[in-house]
**Q** 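This structure is in structure tokens; I'll ask about it shortly.
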Amino acid sequence: MDARSSAPVPPPGCPAHSVGGRVPLYGPEFAADPDAYYSYLRSYGPTAPVELAPGVEATLVTDYSAALQLLQDSASFRKDARRWRAFNEGHVAPDSPVVPLLAYRPNAMFSDGAEHLRLRQAVTDSMARIDPRRLSRTTEQVSNYLIAQFGYRGSTDLLGTYARQLPLFVFNELFGCPADIGDRVLFGISGMFDGVNAEKAAEVLFGAVGELVALKRTRPGDDVASWLMQHQANLTDEEMVHQLALLLAAGTEALGNLIGNTVFRLLTHDAYAHTGGLIDEAIDDTLWENPPMANLAPHYPAADMEFAGQQLRAGDLLLVSFAAANGSPILAAERKAGSRAHLAWGAGPHACPSKDPARQISVTAIENLLNQLPDIQLAVPEESLTWRPGPFSRGLGALPTRFTPVEPARRPAAQVRPEAPVRTERSPQPQPAPERAGRWSQFLNWLTK
């Protein structure tokens with residue numbers, strides 16, 4: 001669609017100055033000031049032409065009402081990425097950096113109809129079995145452990161050592177990961193999102209989750225992986241692997257960003273210190289104004305159609321801009337009133353199935369951090385912070401902080417236990433566990449000291 005002549009000037013560095021040019025949602029310019037881009041994109045109307053990576057075109061839904069319509073209309077719009085026309089026609093290279101997140105996998109995110117209902121119900125029912133008291137206890141234990149690793153130093157990059165680590169550890173415990181499998185899960189997830197040998201990291205992750213599924217088939221436990229396996233949906237091993245990998249990948253990236261973005265907000269907005277409900281309010285404001293997943297929810301029209309004034313072909317890629325939709329000027333009163341009508345958790349049949357546990361983890365993690373490090377503050381000027389580039393998630397590259405050093409907290413009574421070693425013909429008797437270097441192993445060792 002051509003931009004109207006009265007449209008605002010594109011943000012500096014945006015190559016969409018030419019008529020009909022697509023607006024790039026990647027690079028340092030977009031990361032530094034996405035709101036300027038969203039403001040410009042609204043000049044196109046409810047939808048706008050964007051580029052997710054070089055050569056990867058999409059239509060971005062920026063209007064709140066249009067986004068709700070898209071998310072709730074599963075008859076007109078499908079989630080199965082095998083419908084992606086540009087990819088099928090060879091216009092998108094298989095090694096494009098956005099393909100790993102958009103390409104089809106047999107999980108609830110990329111399924112439709114009865115198949116989606118079956119997979120989704122299994123995930124929702126399994127997550128609903130999590131005991132909130134256990135979740136708070138686990139989160140506090142992980143928080144104590146992570147703070148013990150850096151608290152004595154008086155400074156840390158709170159993203160790298162805390163916000164992005166904590167969800168990984170909590171999910172590992174919820175899924176019942178033994179030491180060696182948990183080490184590889186942490187390695188795989190971190191590598192995929194850090195972009196460090198991402199292909200190898202994904203291979204390690206899926207291999208580890210596959211081993212977890214095989215373990216739970218023979219030795220089920222009181223954990224999400226076992227509950228998912230026991231569900232009446234009768235998931236196959238392949239389906240199990242992909243549901244668990246989806247929960248790990250989507251949950252840890254979004255949750256790490258939510259914790260990091262909320263702490264950043266608390267450290268840069270003095271007003272919260274003078275109000276009640278400090279953390280809850282900061283989380284809601286973050287979900288409105290700086291959601292951890294800014295642009296996602298890929299959909300594909302089932303047939304050629306018109307949507308929000310835009311002509312679409314079957315298989316065109318549409319994404320929802322949760323950030324742009326939340327920032328719509330017409331919602332200003334909703335935001336001021338403290339409403340939770342934002343789209344940060346999605347909407348419709350594919351809305352986030354874990355928003356309640358995610359919020360509880362975030363509140364507990366931030367509360368424990370502020371209780372243990374009450375004078376924590378930014379160690380650098382706010383304007384010197386940079387945000388990670390990319391079209392999908394919204395998170396800082398680093399969050400340098402300083403605080404009064406604290407003594408390492410002593411481990412509370414352990415509630416998380418490492419799995420007992422599996423006996424084999426080669427090893428008829430349990431052997432003493434060797435000292436492992438993996439992060440999950442170190443945490444389990446810390447719990448049992």
Side-chain angles (χ1 to χ4, degrees), residues 134-175 177 179 181-191 193-194 248 251-264 266-267 279 282-283 292 357-379 395-418 435-449:
R134 172 185 172 183
L135 184 59
S136 290
R137 185 170 60 240
T138 296
T139 303
E140 187 172 345
Q141 287 178 323
V142 171
S143 173
N144 288 339
Y145 169 73
L146 294 175
I147 293 172
Q149 308 309 302
F150 63 76
Y152 65 92
R153 297 200 301 259
S155 65
T156 193
D157 166 19
L158 206 63
L159 278 183
T161 61
Y162 191 76
R164 296 178 68 187
Q165 298 278 348
L166 184 139
L168 282 169
F169 281 75
V170 172
F171 272 80
N172 254 9
E173 195 281 327
L174 291 178
F175 291 0
C177 288
I181 291 177
D183 287 341
R184 283 176 285 146
V185 166
L186 264 62
F187 172 86
I189 289 285
S190 299
F193 284 108
D194 290 343
L248 280 164
T252 54
E253 169 71 1
L255 194 48
N257 286 341
L258 177 57
I259 294 171
N261 293 358
T262 302
V263 172
F264 165 74
L266 287 166
L267 297 182
I279 296 172
I283 287 176
R359 188 180 188 95
Q360 184 180 350
I361 292 169
S362 299
V363 169
T364 303
I366 297 171
E367 185 176 67
N368 197 52
L369 175 75
L370 297 182
N371 285 340
Q372 293 201 38
L373 308 176
D375 63 349
I376 191 169
Q377 58 185 293
L378 280 181
L396 286 160
L399 187 58
T401 59
R402 62 173 180 264
F403 44 84
T404 301
V406 295
E407 290 294 324
R410 295 303 302 168
R411 176 189 63 81
Q415 301 293 334
V416 183
R417 300 288 184 182
E435 193 70 24
R436 298 183 179 92
R439 289 176 290 160
W440 181 242
S441 293
Q442 291 170 355
F443 171 60
L444 294 180
N445 290 336
W446 179 82
L447 277 175
T448 53
K449 285 181 180 176

**Q** Hey, does the side chain of Tyr162 reach the backbone of Ile259 with a donor-acceptor pair shorter than 3.5 angstrom?
**A**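 No, because the side chain of Tyr162 does not come within donor-acceptor range (under 3.5 Å) of the backbone of Ile259.
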**Q** Between Arg134 and Glu173, does any NZ, NE, NH1 or NH2 come within less than 4.0 Å of an OD or OE carboxylate oxygen?
**A** yes
**Q** Side chains of Leu174 and Leu135, heavy atoms from C-beta outward: is any pair under 4.5 Å?
**A**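 In contact.
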**Q** State which residues pass side-chain hydrogen bond (donor to acceptor under 3.5 Å, both in side chains) with Thr156; sequence neighbours excluded, sorted by chain then number.
**A**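 Result, side-chain hydrogen bond (donor to acceptor under 3.5 Å, both in side chains) vs Thr156: Thr161.
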**Q** With sequence neighbours excluded, what pairs up with Ser155 under the side-chain hydrogen bond (donor to acceptor under 3.5 Å, both in side chains) test?
**A**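 side-chain hydrogen bond (donor to acceptor under 3.5 Å, both in side chains) check on Ser155 returns nothing, list empty.
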**Q** For Leu266 and Leu370: C-alpha separation, side-chain torsions, deciding distance, then whether side chain to side chain contact (heavy atoms under 4.5 Å, CB included) applies.
**A** CA-CA 10 Å; Leu266 287 166; Leu370 297 182; 4.1 Å; yes
**Q** Rounded to the nearest 0.5 Å, what's the gap from CD1 on Ile376 to OG1 on Thr404? Could you check?
**A** 10.5 Å
**Q** Give me the atom names and distance for the closest heavy-atom approach of Cys177 to Val185.
**A**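 Heavy atoms of Cys177 and Val185 come nearest at SG-CG2, 4.4 Å.
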**Q** Provide the closest heavy-atom pair for Pro405 versus Gly154 in the form atom of the first, atom of the second, distance.
**A**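 For Pro405 versus Gly154, the nearest heavy atoms are CG-CA, 3.8 Å.
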**Q** Could you pull out the closest heavy-atom pair between Gly260 and Leu399, with the gap in Å?
**A** O-CD2, 4.0 Å
**Q** So, taking the atom named CG in Leu166 and the one named CG in Leu158, what distance separates them when rounded to the nearest 0.5 Å?
**A** 10.5 Å
**Q** How many angstroms lie between CD1 in Ile361 and CZ in Arg359, if you round to the nearest 0.5 Å?
**A**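 Going from the CD1 atom of Ile361 to the CZ atom of Arg359 covers 13.0 Å.
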**Q** Between Gln377 and Leu267 (side chain of the first, backbone of the second, donor and acceptor by atom type, cut-off under 3.5 Å), is there such a pair?
**A**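 No: the side chain of Gln377 does not pair with the backbone of Leu267.
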**Q** So, for Ala365 and Thr139, which heavy atoms are closest and what is the spacing to 0.1 Å?
**A** N-CG2, 3.9 Å
**Q** Sequence neighbours left out, what passes side-chain hydrogen bond (donor to acceptor under 3.5 Å, both in side chains) with Asn261? Give chain and number order.
**A**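 Result, side-chain hydrogen bond (donor to acceptor under 3.5 Å, both in side chains) vs Asn261: none returned.
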**Q** According to side-chain hydrogen bond (donor to acceptor under 3.5 Å, both in side chains), who are the partners of Arg153, at least two apart in sequence or on a separate chain?
**A** none
**Q** Dump the intermediate steps for side chain to side chain contact (heavy atoms under 4.5 Å, CB included) on Tyr145 and Gln149, then the final yes or no.
**A** CA-CA 7 Å; Tyr145 169 73; Gln149 308 309 302; 3.2 Å; yes
**Q** Just how far is it from atom CG of Leu168 to atom OG1 of Thr252, taken to the nearest 0.5 Å?
**A**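 It is 4.5 Å, given to the nearest 0.5 Å.
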**Q** Once you round to the nearest 0.5 Å, how far does CZ of Arg164 lie from CG of Asp157?
**A**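 Reported to 0.5 Å precision, the distance equals 9.0 Å.
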**Q** Identify, with sequence neighbours excluded, every residue that meets ring-ring contact (aromatic ring centres under 6.0 Å, His included) alongside Phe175.
**A** Phe171
**Q** List for me each residue that meets side chain to side chain contact (heavy atoms under 4.5 Å, CB included) alongside Asn368, sequence neighbours excluded, and say none if there are none.
**A**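 Partners of Asn368 by the side chain to side chain contact (heavy atoms under 4.5 Å, CB included) criterion, ordered by chain and then number, come out as Glu140, Ser143, Asn144, Ile147, Gln372.
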**Q** If I compare all heavy atoms of Ser362 with all of Leu258, which pair ends up nearest, and what's the gap?
**A**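 The answer is OG-CD2, 3.4 Å.
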**Q** I need the Leu248 CG to Glu253 CD distance, nearest 0.5 Å.
**A**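 Result: 13.0 Å between the selected atoms.
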